[in-house]
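Structure first, then comments.
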Amino acid sequence: MPEAATIVKNLLRWYLTEARELPWRQNRDPYGIWVSEIMLQQTQVKTVIPYWERWMKRLPDVDRLARARETTVIKLWEGLGYYSRARNLQRAAQMIQNEHKGCFPSDYEALLALPGVGPYTAGAVSSIAFGQPRPIVDGNVIRVLTRVDGIRESTKLSQTIRELWSRSESLVRFASELWRPGRNVCGDFNQSLMELGATVCLPRQPLCCDCPLRRCCRARAEGMIEVIPNLGARKKMIARMFIAVVVRRTGRYLVRQRSAGEINGGLWEFPNVELTSQDPSGAVWLDSGMGLDPSKLSALGEVKHSITNNRITLKVYCSDVSPDYCVMEEAGEWLEASELERYAFTAAHRKIVRRAINENGR
DNA sequence: TAAACGTGGGT
DNA sequence: TACCCAAGTTT
């Protein structure tokens, strides 16, 4: 295995000149760094940047987040996915107010005790915001370290992941001994590991010629870059079809809120149902469920999206109904177009809002 | 331990 | 198009 000194020194030097300027890197505010780390879970930097900017403008500190309305928090998160992250963020802020007197905890165990903070995030915040020598293992670190060390075992094995934590730990410990005035070597080293994975040591066609570790990388030396990391098989995607309908009555639109406990709980959507062999076109649902005449609908096309391992196609229709129309089956709310903007919709249904209302100027 | 949890970027 | 997969955590 390459020596820690080689890896750490080359990465720290590289990071000095190649680190991207990201908004949450402008200072060491633990709150801003924590928010960025939660947003970045399973989400790319490019996607996060505008969300982080808006969030920090609206909820600039722990106190403001703790006191915010949950609807505000979810609206700020709209489109990012994994909405429990946003709710946990607020719960954690309230814990910081109540159990830490509003002072952001620097203790690793205290960080780990916050909802939504696991081993990765606790390590990231304690190293980046507080300069502590805590290891991190995320998707980038898995890729970089398995390649550098030439680890061919499946990353699905808990033994493999344990080894990576151990390696990450010894590396950041080495970094901590390189203390420099005015530099956070632990935070910089951990970020350099992820930065390399995000910009150079890419999943496919990595830019090995630009890599500061190219001379010590075992996977490169052994021609194994294409098969390391050994990630194992993915779950297959399941195709599903839904029908959704935009019902408009005297300038208002019928929407409903998804119940807590189901996927995307608490978010808003237009009435919709999955197409089955019982009702393959959705005509039964439209007629008996919604009280609409399927022949009087106008088609708005299809919206495609994926949620976890479901690949979903939504067939979207629009229907203008008379002032005395009322829904039989489900409780919903009638919202004006301007209100649709203020409510948090699921990503797929936000696309419908744009297509059906905004772009058509109705 | 494995599955659930969302969405969009990139090839 | 059809994948892959992203600064993971929770149950």
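Computation of the quantities below employed the complete heavy-atom set of this structure, encompassing side-chain atoms and omitting hydrogens, waters and symmetry-equivalent molecules. We name chains A, B, ... by the order of the sequence lines, and we start the count at 1 in each one.
- The environment of NZ in A:K351 is crowded: more than 12 heavy-atom neighbours from other residues, nucleotides or ligands sit within 6.0 Å.
- Under the 6.0 Å distance and 45° angle rule, A:R13 does not count as a cation-pi partner of A:Y15.
- A:I263 comes within 4.0 angstrom of the backbone, heavy atoms only, and of no base.
- For A:Y82 and A:W77, the ring centers are positioned 6.0 Å apart or more.
- At least one test fails for A:R258 against the ring of A:W268: distance under 6.0 Å to the centre or angle within 45° of the axis.
- A salt bridge links A:E169 to A:R173: one of the charged nitrogens lies within less than 4.0 Å of a carboxylate oxygen.
- Interface residues of residues 6-16 of chain A facing DNA chain B, ordered by number: none; criterion, heavy-atom separation under 4.0 Å.
- Along DNA chain B, the nucleotide nearest A:Q205 and the nucleotide nearest A:G79 are compared for position; the residue whose nucleotide lies closer to the 5' end is A:G79.
- With a 6.0 Å radius and a threshold of 12 heavy atoms from other residues, nucleotides or ligands, A:R215 has its CZ atom at or below the threshold.
- Between A:E78 atom CD and B:dG8 atom C1' the separation is 14 Å, expressed in whole Å.
- Pairs engaging residues 77-97 of chain A under the salt bridge (charged side-chain N to carboxylate O under 4.0 Å, His left out) rule: A:E70-A:R87, A:K75-A:E78, A:E78-A:R350 [sequence neighbours left out].
- Listed candidates were B:dT7, B:dA4, B:dG8. Nearest to the side chain of A:N264 is B:dT7.
- Rounded to an integer number of Å, the gap from CZ of A:R204 to C1' of C:dC5 is 8 Å.
- Going from atom CZ of A:R85 over to atom C1' of B:dA4 covers 14 Å, rounded to whole Å.
- Within the nucleic acid shown, A:A124 has no heavy atom closer than 4.0 Å to any nucleic acid atom.
- Between A:F270 and A:F345, a ring centre-to-centre spacing shorter than 6.0 Å is recorded.
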Side-chain donor-acceptor pairs of residues 299-306 of chain A under 3.5 Å, sequence neighbours excluded:
none

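- Applying the salt bridge (charged side-chain N to carboxylate O under 4.0 Å, His left out) rule to A:E163 yields no partners; only residues at least two apart in sequence or on another chain are considered.
- What separates CG of A:L157 from P of B:dT1 is a distance of 9 Å, to the nearest Å.
- Atom-to-atom, CD1 of A:I352 to C1' of B:dT7 comes out at 15 Å; the value is rounded to the nearest Å.
- Using a cut-off of 4.0 Å between Lys/Arg side-chain N and Asp/Glu carboxylate O, A:E333 and A:R256 are scored as not salt-bridged.
- Residue A:E302 contributes atom CD, which lies 11 Å from atom P of C:dT1 at whole-angstrom precision.
- In this structure, A:K235 reaches the B:dA4 phosphate: one of its side-chain N or O atoms is under 4.0 Å from OP1 or OP2.
- Proximity note for A:K351 (side chain, C-beta onward) versus B:dT7, B:dG8, B:dG9: the nearest is B:dG8.
- A heavy-atom distance below 4.0 Å to DNA chain B is reached by these residues of residues 303-316 of chain A, ordered by number: A:S306, A:I307, A:T308.
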request  = Using a 4.0 Å cut-off on protein heavy atoms (strictly under), produce a 5'-to-3' string for nucleotides 6-11 of chain C with B for base contact, S for backbone-only sugar-phosphate contact, and - for none.
outcome  = BBBSS-

